[in-house]
Number of protein chains: 2
Amino acid sequence: MARVPKTTPAAQAAALRDAQDRFIAVWGQMAGAWGISRTMSEVHALLYITGGALCTDDIMERLDISRGNASMSLRALLDWGIVERAHKRGDRKEYFRSEQDVWAMFRAIVRERVKREVDPLLASLYEIRDMSVASVENPEGAATVVAPDPEELAAAVANHTQRVDAMLDFFRTLETLGQRFVSPAGRGLQLAATLLSAGSTRDRTGGAP
Amino acid sequence: MARVPKTTPAAQAAALRDAQDRFIAVWGQMAGAWGISRTMSEVHALLYITGGALCTDDIMERLDISRGNASMSLRALLDWGIVERAHKRGDRKEYFRSEQDVWAMFRAIVRERVKREVDPLLASLYEIRDMSVASVENPEGAATVVAPDPEELAAAVANHTQRVDAMLDFFRTLETLGQRFVSPAGRGLQLAATLLSAGSTRDRTGGAP
DNA sequence: ATGTATTTTCAATAATTTCTGAAATCTTTG
DNA sequence: CAAAGATTTCAGAAATTATTGAAAATACAT
């Protein structure tokens, strides 16, 4: 009576699928945090957690979404650079596989968000700083604000500029940090983060030499 | 003819207001990035860029929003800890003032997002990891997945667990980093970030000794 | 206590975002 | 190059999220 397995293969397979589903749901909820749609996040979760190369139909069926939705989500994930195309020979369909290194995924996301959010913000902030300087010849001379007192006004402008500058400095720092993290040498920062974060010596990144 | 000012006070005041409006619009667009609503972000932008203590009516008028919306946005900003109440004596109204230190703002946001997003995610990931282990007595013995082959199955479960663990490790690191950054000693990290980010020696944080 | 000023809440509505499904397009094969 | 297979696009539908406005609650002064 030794060696009677406590789990049948069927039960184990079901448990695995449940765990996958749960992971997909949880990861889907993080969508907001990454600035993407829930479905897109779920597609990514599915590809990540199965680790395999799935085709559009696999994804449609497993997540119960339309073809259009699957197509658009996959395209977006490709744009973000965290999913790549794959092909099976003798098969006409396209397959998709997720990046499997969590740190690489994170780097891709940082890269994209800096590009989409920080860079434009910086550009705008520079413009805004200039606005309060070159205020000559505003065609509308009409009465506008509360304080026409020149002294107060000058102080207000000075403070305004200072605040815009403080923001600028902050986001410049953020951008530079992001670029360092993302750059080829960026894996250094990953190490730094790991070390900074604790005395935990363990290395789970996998066996690459 | 020396000293003829090139800008009238009126024009200057208008320019200031334009710059403020532009700042508010730009900051409003970042709302998505911080995980808050556009209006909430605009209210914060207004309070930050004017630097003053404004009451609900000031905000309603300037941003052209309803009283309810203003109230809810302010409450949320208070919860995030980046806006504080202020009072003017002899006045019954409540006034609000924004945190002015950009780094402190950022710390507050990190603190809140770790609490709201990373911590729950970690909890779920721990649960998910356990799911694939304790797969005994699943009442539904029905046919489920593709591979009933015990060998493949075992490998799939192992890989699954490994991927969940990789995620866990990553977010544990993230959480710890966040806590370090946020902690009282966290200003150290601010300095580190500034130093890491460039050879830029300038210190714009203001004149604190 | 009573009246007044102020803030909060929340159901209804408006705005925005996401998803679908079928037509259009592109790709491969015989 | 025609037919079949696969993918993309996009207008409209559905779902989600944000906003309003007026009633309810709260705080204050007399």
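Keep in mind that what you see is a predicted model, and the values were worked out from it rather than measured. Per chain, numbering begins at 1; letters A, B, ... match sequence-line order.
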Spacing of [X] atom [atom1] relative to [N] atom [atom2], expressed in whole Å:
X        : N       : atom1 : atom2 : value
Asp57(A) : dT8(D)  : CG    : P     : 12 Å
Phe96(B) : dT8(C)  : CZ    : C1'   : 11 Å
Leu74(B) : dT6(C)  : CG    : C1'   : 13 Å
Ile59(A) : dT20(C) : CD1   : P     : 14 Å
Arg85(A) : dC26(C) : CZ    : C1'   : 12 Å
His87(B) : dT6(C)  : NE2   : P     : 13 Å
Met40(B) : dT17(D) : CE    : C1'   : 15 Å
Arg38(B) : dA15(C) : CZ    : C1'   : 10 Å

Less than 4.0 Å between a side-chain N and a carboxylate O, is that true for Glu112(A) and Lys115(A)?
yes

Tabulated below should be each protein N or O lying under 3.5 Å from an N or O of nucleotides 13-15 of chain D; please produce it.
none

Over all heavy atoms of both residues, which pair between Leu125(A) and Phe171(A) is shortest? Give the atoms and the distance, please.
CD1-CD1, 4.4 Å

Kindly check if the number of other-residue, nucleotide or ligand heavy atoms within 6.0 Å of CD (Gln29(A)) is above 12?
no

For Glu42(B), what residues pass the side-chain contact (heavy atoms from CB on, under 4.5 Å) criterion, not counting sequence neighbours?
Ile24(B), Arg38(B), Leu63(B)

Does any part of the side chain of Val164(B), heavy atoms only, come nearer than 4.5 Å to the side chain of Ile49(A), both counted from C-beta?
yes

Kindly list each side-chain donor-acceptor pair under 3.5 angstrom involving residues 74-88 of chain B, sequence neighbours excluded, with atom names and distances?
unit_1, atom_1, unit_2, atom_2, d
Arg85(B), NH1, Glu94(B), OE1, 3.1
Arg85(B), NH1, Glu94(B), OE2, 2.8

Counting just side-chain N and O atoms, does Thr39(A) come under 4.0 Å of either OP1 or OP2 of dC19(C)?
yes

Within less than 4.0 Å of OP1 or OP2 of dT9(C), is there a side-chain N or O belonging to Arg75(B)?
yes

If the plane angle is over 60° it's perpendicular, under 30° parallel, otherwise tilted; pick one for Trp27(A) and His44(A).
tilted

Do the ring planes of Phe106(A) and Phe181(A) sit parallel (below 30°), tilted (30 to 60°) or perpendicular (above 60°)?
perpendicular

Sub-4.0 Å heavy-atom contacts from residues 44-55 of chain A onto DNA chain D, ordered by number:
none

Taking only N/O atoms, report every protein-nucleotides 21-30 of chain D pair under 3.5 Å with atom names and distance.
unit_1, atom_1, unit_2, atom_2, d
dC28(D), O2, Arg92(B), NH2, 3.1

Pairs of donor and acceptor atoms involving the side chains of residues 50-58 of chain A, under 3.5 Å and at least two apart or interchain, shall be tabulated with distances.
unit_1, atom_1, unit_2, atom_2, d
Thr50(A), OG1, Leu46(A), O, 2.9
Thr50(A), OG1, Gly52(A), N, 3.4
Asp57(A), OD2, Arg67(A), NH2, 3.0
Asp58(A), OD2, Cys55(A), N, 3.0

Looking at every strand, decide which applies to Ser37(B) at a 4.0 Å heavy-atom threshold: base, sugar-phosphate, or nothing.
sugar-phosphate

Distance from Ser71(B) atom OG to Met60(B) atom CE, nearest 0.5 Å?
10.5 Å

Rounded to the nearest 0.5 Å, what separation is found between the CD atom of Glu117(B) and the CG atom of Leu122(B)?
12.0 Å

